[in-house]
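Encoded as structure tokens, the structure appears first; notes follow it.
Residue numbers run from 1 in the order of the sequence given. It should be emphasised that the depicted structure is a prediction, and the values quoted were computed from it without experimental measurement.
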Amino acid sequence: MSNPNSSPTSDLSTIAQALADAAGAQSMHYFRTPLDIVTKADESPVTLADRAAETAMREILGARVPADGIYGEEHGPERLDAERIWVLDPIDGTRSFITGSPLWGTLIGVLQGARVVLGMIDMPVLKERWIGRAGQGATRDGVPVRVSTCTEVAKARIVTTSPDIFSPADWQAFDRLSRQCAMRRFGGDCYGYAQLAGGTIDLVVETGLQPYDYLGPAGLIEAAGGVITDWQGQPLGLKSDGRVIAAATPELHRQAMAVLAA
């Protein structure tokens, strides 16, 4: 019998797609219907849909890869000492979800050791599935995608979810950077990272994130040829501080980090 922790990335992709299918089925059942909104300790809203979607994902993992760890937003961590960990955000963009916006998604990241070997952003309403696999490139619905070639802040299109996610000091840094860019946009939650992977956005800068917010996007962006780190340029992991900068090219990444730190 093969070791359940030795699955190739093709098998991981099959499992990830099953997870996204299950989460999407649950989420879409509740989308644009009356929901009971609960405010979590971090003041972010959670709904029945979030919890049902993550439960469905965990059931699949329990059946397919029971030895793997899970780091999920709604139901806590399990087996974080495992060789491989699935990082799950059933509905990234809960505020979008509860206000009827289509720009929310399911995020899946697979950590093997300290490396993200697979990242997915699934957009159920838009019917777009973005997948990146280490060393194998990135796709949107099976079609290859790649980041842009932008190397200069002055030519960059930058996006972040909302000014409200920043502390005053972090906002000052973001505002300084974004006003030097060619275009800045707000909103979109996880979709900004997909846009970066697809080459239509050049920079994403955020703060206050959790591992389930950034590790799925990290796997996608790196596979698409981009760079994603914390604000100090360190690789992202389960213990990162929640400040994230994603860029299309190393040159743009370095320039943007320098402006943030100025």
[Y] and [X], any side-chain heavy atoms less than 4.5 Å apart:
X: L61; Y: I70; value: yes
X: T160; Y: V204; value: no
X: M257; Y: V259; value: no
X: E73; Y: Q210; value: no
X: D122; Y: W130; value: no
X: T229; Y: P235; value: no
X: L80; Y: I85; value: yes
X: S167; Y: T207; value: no

My understanding is that only residues two or more places apart in sequence, or in another chain, count here; which of them pass salt bridge (Lys or Arg N to Asp or Glu O under 4.0 Å) with [X]?
X: E78; answer: R58
X: D213; answer: none
X: D202; answer: R157
X: E152; answer: K155

Which residues pass the side chain to side chain contact (heavy atoms under 4.5 Å, CB included) test with [X], sequence neighbours left out?
X: R146; answer: none
X: A49; answer: Y30, T47, I91, F97
X: V125; answer: M28, F31, P102, W104

Tell me every residue that passes side-chain hydrogen bond (donor to acceptor under 3.5 Å, both in side chains) with T151, counting only those two or more places apart in sequence or in another chain. none
Under 3.5 Å, is there a donor-acceptor pair between the side chain of [X] and the main chain of [Y]?
X: T249; Y: T149; result: no
X: E74; Y: P90; result: no
X: S101; Y: L103; result: yes
X: Q112; Y: V117; result: no
X: R84; Y: G113; result: no

Any carboxylate oxygen within less than 4.0 angstrom of a Lys/Arg side-chain nitrogen, looking at R129 and D21? yes
Quick check for you: to the nearest 0.5 Å, what is the distance between R140 atom CZ and L220 atom CG? 11.0 Å
Approximate separation, where rounding is to 0.5 Å, of I121 CD1 and D89 CG: 10.5 Å
The test is side-chain contact (heavy atoms from CB on, under 4.5 Å); show your working for T14 and R64 and say whether it passes. CA-CA 11 Å; T14 300; R64 299 281 293 272; 4.0 Å; yes
Mind checking whether [X] and [Y] sit in one hydrophobic cluster, side chains of I, L, V, M, F, W, Y counted as touching below 4.5 Å?
X: V116; Y: L209; result: yes
X: V159; Y: V145; result: yes
X: L215; Y: V205; result: no
X: V244; Y: W171; result: no

Sequence neighbours left out, cut at 3.5 Å: what donor-acceptor pairs do the side chains of residues 183-200 make with other protein atoms?
unit_1: R184; atom_1: NH1; unit_2: D175; atom_2: OD1; d: 2.8
unit_1: R184; atom_1: NH1; unit_2: S178; atom_2: OG; d: 2.8
unit_1: D189; atom_1: OD2; unit_2: S96; atom_2: OG; d: 2.7
unit_1: Y191; atom_1: OH; unit_2: E128; atom_2: OE1; d: 2.8
unit_1: Y191; atom_1: OH; unit_2: E128; atom_2: OE2; d: 3.4
unit_1: Y193; atom_1: OH; unit_2: E206; atom_2: OE1; d: 2.6
unit_1: T200; atom_1: OG1; unit_2: Q195; atom_2: O; d: 3.4

Taking all heavy atoms of [X] and all of [Y], pick out the closest pair and write down the distance.
X: A134; Y: R115; answer: CB-NH2, 3.3 Å
X: C150; Y: L252; answer: O-CB, 3.6 Å
X: A56; Y: A22; answer: CB-CB, 4.1 Å
X: A20; Y: M120; answer: CB-SD, 3.6 Å
X: A256; Y: I245; answer: CB-CD1, 3.5 Å

Keeping to residues at least two apart or across chains, list the side-chain hydrogen bond (donor to acceptor under 3.5 Å, both in side chains) pairs with something in residues 235-244. D170-R243, D241-R243
Applying ring pair (Phe, Tyr, Trp, His ring centres under 6.0 Å) as the test, list every pair that has at least one member in residues 195-252; sequence neighbours left out. none
Please, which pairs that meet ring pair (Phe, Tyr, Trp, His ring centres under 6.0 Å) have at least one residue in residues 62-93, sequence neighbours excluded? none
Carefully, step by step, assess L236 and I228 under the rule side-chain contact (heavy atoms from CB on, under 4.5 Å). CA-CA 8 Å; L236 297 173; I228 181 168; 3.6 Å; yes
